[in-house]
Amino acid sequence: MSKTLHNGLEILELLTQHKYGLTITEIGEGIGVHRTVADRLVRTLEAHRLCRRTENKRILLGAGLVTLAGSVEQDLRELARPILEDLADTVEATAHLAVREGEDAVRALMVIEPRNSRAHVGFNAGQVDPINRGSAGLAMLAALPPREGERPEVTRARERGFAVTSGEVTHSVTGISAALPNRRPTDLVSIGVSVFDSSDEQKLGEAVMAAARRLGALLLR
């Protein structure tokens, strides 16, 4: 493994967690290297527009990442968009598509806000959360065989076909997600909604499962 490349990628991952940026010293401390090494790595990333410096010398993610991300799982996003738009408008809530990121995390690949709702939950695509926290991750775990010590919510999700969590990713927000059927453990995908009012949990769950089945059927063609 290239240590230099590894450190550079660690910097990008670190910056995703700090939307207001970090100083070179903070980056060095964050990835465990000397400040001069961190500065050299950042300059290389800057040359490829993967990060940038503000006037007060804080380092932020750069616009070059948008170009790289544009082709990531493009087919999946193109197929998912009309399904998510229909789901968001039908339940009048923010809909999202999430993918498994390694062994222990999930990433929001796409977020669609409803067009006919006065209030909705807002968050950005690209957000990464632990797989064992939040409905998207729990829905993916429920698509796997039962494991000793798994959360009761995962067992419940396996029985119902959809996972429900409240306040785990965003305070006062309930997430309801279902995994796409027939996916490999390393290739798990979920569709979900984020709502303030989950009083009709079963109805929302059924809508999410229907959307997951629609997208799953398209991917099998």
Nearest non-hydrogen partners of [X] and [Y], listed with the distance:
X    : Y    : answer
G161 : A178 : O-CB, 3.6 Å
L15  : I59  : CD2-O, 3.3 Å
S194 : V173 : CB-CG1, 3.8 Å
I27  : A38  : CG2-CB, 4.2 Å
A95  : L87  : CB-CD2, 4.0 Å
L97  : A80  : CD2-CB, 3.7 Å

How long is the span from the [atom1] atom in [X] to the [atom2] atom in [Y], to the nearest 0.5 Å?
X    : Y    : atom1 : atom2 : result
L204 : E92  : CG    : CD    : 11.0 Å
L219 : R183 : CG    : CZ    : 5.0 Å
T170 : F196 : OG1   : CZ    : 8.5 Å
T16  : H18  : OG1   : NE2   : 8.0 Å
H6   : K3   : NE2   : NZ    : 5.0 Å
H48  : E46  : NE2   : CD    : 11.5 Å

Is there side-chain contact between [X] and [Y], with heavy atoms separated by less than 4.5 Å?
X    : Y    : answer
L50  : L12  : yes
I191 : R214 : no
Q127 : H96  : no
T4   : T44  : no
R151 : R156 : no
K57  : T23  : no

Is there a donor-acceptor contact under 3.5 Å from the side chain of [X] to the main chain of [Y]?
X    : Y    : value
H34  : T36  : yes
R77  : L79  : no
R100 : P185 : yes

N-O pairing of D39 and R35 below 4.0 Å:
no

Are E55 and R58 close enough for a salt bridge, meaning some N to O gap below 4.0 Å?
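No salt bridge links E55 with R58.
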
Going only through I, L, V, M, F, W and Y residues with side-chain contacts under 4.5 Å, is there a path from [X] to [Y]?
X    : Y    : value
V169 : V91  : no
L188 : L109 : no
L218 : M110 : yes
I11  : L22  : yes
I112 : M209 : yes

D104 atom CG, neighbour heavy-atom count above 12 within 6.0 Å
no

I'd like a table of donor-acceptor pairs (distance under 3.5 Å, sequence neighbours excluded) in which one partner is a side-chain atom from residues 131-145, with atom names and distances.
residue: R133; atom: NE; partner: E168; partner atom: O; Å: 3.1
residue: S135; atom: OG; partner: I176; partner atom: N; Å: 3.4
residue: S135; atom: OG; partner: S177; partner atom: OG; Å: 2.7

Stepwise side chain to side chain contact (heavy atoms under 4.5 Å, CB included) test for V128 and E13:
CA-CA 10 Å; V128 177; E13 291 174 354; over 6 Å; no

